[in-house]
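Each chain gets a letter, A, B and so on, in the order its sequence line appears, and its residues count up from 1. Just so you know, these numbers come straight off a predicted model, no measurement behind them.
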Protein chains: 2
Amino acid sequence: MSTASKPTISDVAAHAGVSIATVSRVVNGGEEASVGVALETRRRVREAINDLGYVPSQAGRTLRRQTSNLVALLIPDITNAFYAAIAHSVELALRDLGYAMTLCNTDEDPELQDKYLQEMQEHQVHAVILLGAVESAGLEKAVKAGVRMAFLNRRAPTETRMPFVGIDNRAAGAAVARHFLAHRYDPIAVIHGPLGSSASRERYEGFEQALRANGVELAADCIEHGDLTIDSGYTAAERMLRTGRRPAAIFCGNDLMAYGAYRRCRDLQIRVPDDIALFGFDDNPMNDWLADWLSTVRVPYDRFGSATAGVIGRMLSAADEGPRETPEEILLPYQLVIRGSS
Amino acid sequence: MSTASKPTISDVAAHAGVSIATVSRVVNGGEEASVGVALETRRRVREAINDLGYVPSQAGRTLRRQTSNLVALLIPDITNAFYAAIAHSVELALRDLGYAMTLCNTDEDPELQDKYLQEMQEHQVHAVILLGAVESAGLEKAVKAGVRMAFLNRRAPTETRMPFVGIDNRAAGAAVARHFLAHRYDPIAVIHGPLGSSASRERYEGFEQALRANGVELAADCIEHGDLTIDSGYTAAERMLRTGRRPAAIFCGNDLMAYGAYRRCRDLQIRVPDDIALFGFDDNPMNDWLADWLSTVRVPYDRFGSATAGVIGRMLSAADEGPRETPEEILLPYQLVIRGSS
DNA sequence: ATTATTGATGAAAACGTTTACAGAAAAGCA
DNA sequence: TGCTTTTCTGTAAACGTTTTCATCAATAAT
């Protein structure tokens, strides 16, 4: 049984008594669109396709078309629900555009990012979307090779003229600072992310500058940093709380680090948010259910998809109209979410 | 600048003064393996590849080889950290085997699952891994078409002779029941997942039967069900807690539904775990940080990767040795994690 | 010195599509 | 009727690989 190997377009053509060109036209013509193939012929071809269980080969198609229907999404940490939510949103939007998404986890590792970048080039992906890109040699190479790219959440770490979708992190950081000042928290502390990442840096700078503008200076022992993981939030909080002075509020570079800090506080019998206020960033979708003590900056993860689809779509036409003077930038609205301030 | 279109293997061949066959051999031969190309030639080819920035085309390769280096992972809900963790583990293992993973979110939707199944067939993926498969027509079709598949966490909903990797859900459910009995919780309640999914069904049946074996019967108003989302856990708990009788312990079909139930309890000023014990399933990686009140069954998500790599690898050789009488089954160890019972 | 044996290389044939071009039939028009 | 226009279909040429087979040189064996 089933000695027959995969049927190809020629098998279908033979079975339907037409040429392969006609089959191709039927397959590629929209559902009922009149692509210029007679109704009766189309019916016959459709029948043959069904009879044989024909599945067109993307390899053949890609080879001929010189571009695939794949779009790559590089993501730093798939287990971070915030990133996962963005990935989900992007997948939906791409699907509407007729693309299939392949998702690659870079673990914030430049080497791995480069490996994936190369691999996706090999697959002639239609575009590479970098959610939280990290600086790497391969980035420049890909730009030179003409790979379409888009940067989400974090700006391109190097000069690329590629579009960006995200929020105004600097302004958001400043907004958090103003919130802290309004509540007269003192002392104020911060656990920031890696300053090499534009998002983390801008958040921190916006926060710090807004404080300074209001005459508040961050004490040296009130500045810690982590690498955006829960663990690093825990250890950063550990270092910070080891000293005598206990901060009244900590601004964490993302929600995950705030989770870690939270855990450390509980271990020390410090109540959140009564004894200490924690502020995160991203608004992980979990928060409403599990972290009603965490105030945070809500980044509208479900709006990344359509925004990204937009820039990807525009990159096609952009090629004709010559290079833009400045890369496209879509800034999504953010929002302060204040929780637990009963 | 950069008028040159992508260099192909022939460009490299010309540049290095060899034939394309030789280039292919160099590209495919391992790093230092002696594939039968002279050292000096190899050096020249490598140089040419570098000079030109040559990137081999997977389309060409796939077309010729009749199989790609892609493995598809179908996942029901990427924002569920437990599934995400498994996906991560699988990606790592596949990478070691030299495959690239493409991740597709099925949203538990049979239609979408079928769409992806078809699409992945078009890409001639090396295998399709179904994490939490749902019953659908396309599944049978894919089996007939000779697609290699593996089922993770949930058993194949229909007869496919394809391998399974997961835990003994029935035994785990029974273990939870015994735990409840030991604590003399009364009354005992359950919020189970969709009984169409083998995992949910087996968990529930194991639980229920173990209770019955010990002379405990679940009351009708102590049985609710959800669809494994947080929301459904919330509403299920709402229905259950509306009645006068408050259960002493609820066994939830997965951690997410337990989160929802938790939220409902808090809304009603019911303390967890003091007033009511919640038991989940999966042990979402978040739990240690954010849910120290949740006891659960730990499924070793980080062991799915290598186990899956194993079955995938074995499917290659399996073809030769004729069909197995019974599909391979790998049962991973599970573990009861008891939290908050200070 | 001749013959086997080994090792490196090249020529050429697939693999399954899409699409430009051309030809044929049908339809419109005078 | 003859002419032009439209609509449909087929032929054939890429697209970039891998791999079999043959060739040829160099080395080993007699």
Side-chain angles (χ1 to χ4, degrees), chain A residues 4-30 33-46 48-49 52-70 98 119 121-125 145, chain B residues 4-30 33-46 48-49 52-70 98 119 121-125 145:
Chain A
S5 57
K6 245 192 231 305
T8 83
I9 199 173
S10 337
D11 298 328
V12 175
H15 196 266
V18 297
S19 77
I20 62 169
T22 302
V23 177
S24 175
R25 279 187 278 255
V26 170
V27 170
N28 288 58
S34 47
V35 246
V37 36
L39 214 70
E40 161 62 9
T41 314
R42 182 150 47 194
R43 196 194 56 71
R44 268 211 329 276
V45 173
R46 287 252 164 78
I49 288 178
L52 272 55
Y54 165 69
V55 176
S57 150
Q58 288 288 353
R61 179 171 297 170
T62 299
L63 193 52
R64 172 61 216 238
R65 289 224 183 116
Q66 289 297 75
T67 180
S68 77
N69 72 141
L70 256 39
E119 206 159 88
Q121 251 168 288
E122 295 187 356
H123 279 285
Q124 289 170 275
V125 294
Chain B
S5 57
K6 243 192 230 306
T8 81
I9 199 173
S10 337
D11 299 327
V12 176
H15 195 267
V18 297
S19 77
I20 62 169
T22 302
V23 177
S24 175
R25 279 188 277 253
V26 171
V27 170
N28 289 58
S34 48
V35 247
V37 33
L39 215 71
E40 160 62 11
T41 314
R42 183 151 46 195
R43 197 193 55 71
R44 269 210 329 276
V45 172
R46 288 251 165 79
I49 289 178
L52 272 55
Y54 165 69
V55 176
S57 150
Q58 288 289 352
R61 179 171 297 173
T62 300
L63 192 54
R64 171 62 215 237
R65 288 223 183 118
Q66 290 297 77
T67 180
S68 76
N69 72 142
L70 255 41
E119 206 159 88
Q121 251 168 288
E122 295 186 356
H123 279 285
Q124 291 170 272
V125 293

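- The side chain to side chain contact (heavy atoms under 4.5 Å, CB included) test applied to Thr62(B) returns Ala59(A), Gln58(B), Ser68(B), Gln124(B), not counting sequence neighbours.
- Taking every heavy atom of residues 53-62 of chain A and every atom of DNA chain C, pairs under 4.0 Å involve Tyr54(A), Val55(A), Pro56(A), Ser57(A), Gly60(A), Arg61(A), by number.
- For the residue pair Leu52(B) and Pro7(B), the shortest heavy atom distance occurs at O-CG, 3.4 Å.
- Within the 4.0 angstrom heavy-atom criterion, no nucleotide atom of any strand lies near Ser10(B).
- Straight-line distance from the CG atom of Asn69(B) to the P atom of dT17(D): 14 Å, rounded to whole Å.
- Scanning all heavy atoms of the two residues, the minimum distance from Val27(B) to Tyr54(B) falls at CG2-CE2, 4.2 Å.
- The CD-P distance, from Gln124(B) to dG16(C), rounds to 8 Å in whole Å.
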Heteroatom pairs (N/O) under 3.5 angstrom, protein to nucleotides 21-27 of chain D:
none

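- Atom C1' of nucleotide dA14(C) and atom CG of Leu63(B) are separated by 9 Å, given to the nearest angstrom.
- When each of dT9(D), dC15(D), dA8(C) is scored by its nearest atom to the side-chain atoms of Ala38(A), the top-ranked nucleotide is dT9(D).
- The shortest heavy-atom contact between Val18(A) and Val23(A) is CG2-CG2, 3.8 Å.
- Asn69(B) places none of its side-chain heavy atoms less than 4.5 Å from the side chain of Arg61(B).
- Between Ser57(A) and Thr8(A) the shortest side-chain heavy-atom distance does not fall below 4.5 Å.
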Nucleotide N/O of nucleotides 12-14 of chain D paired with protein N/O under 3.5 Å:
none

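- Within 4.0 Å of Thr8(A), counting heavy atoms only, lie sugar-phosphate atoms of the nucleic acid but no base atom.
- Taking atom CD of residue Glu122(A) and atom C1' of nucleotide dG16(D), one finds them 13 Å apart after rounding to whole Å.
- The distance from atom CD of Gln121(A) to atom P of dG16(D) is 15 Å, rounded to the nearest whole Å.
- Helix-axis bend for the helix from dA1(C)-dT30(D) to dA30(C)-dT1(D): the local axis fitted to the five terminal pairs at one end deviates from that at the other end by 40°, rounded to 10°.
- Distance Arg65(B) CZ to dT17(D) P: 12 Å, rounded to the nearest Å.
- Here the side chain of Ser19(B) is nearest to one of dT18(D), dC15(D), dG10(C), namely dG10(C).
- As rounded to whole Å, 17 Å separates atom P of dA8(C) from atom CZ of Arg43(B).
- Straight-line distance from the CG atom of Asn28(B) to the P atom of dG16(D): 17 Å, rounded to whole Å.
- Shown here are the salt bridge (Lys or Arg N to Asp or Glu O under 4.0 Å) partners of Glu122(A), two or more places apart in sequence or in another chain: there are none.
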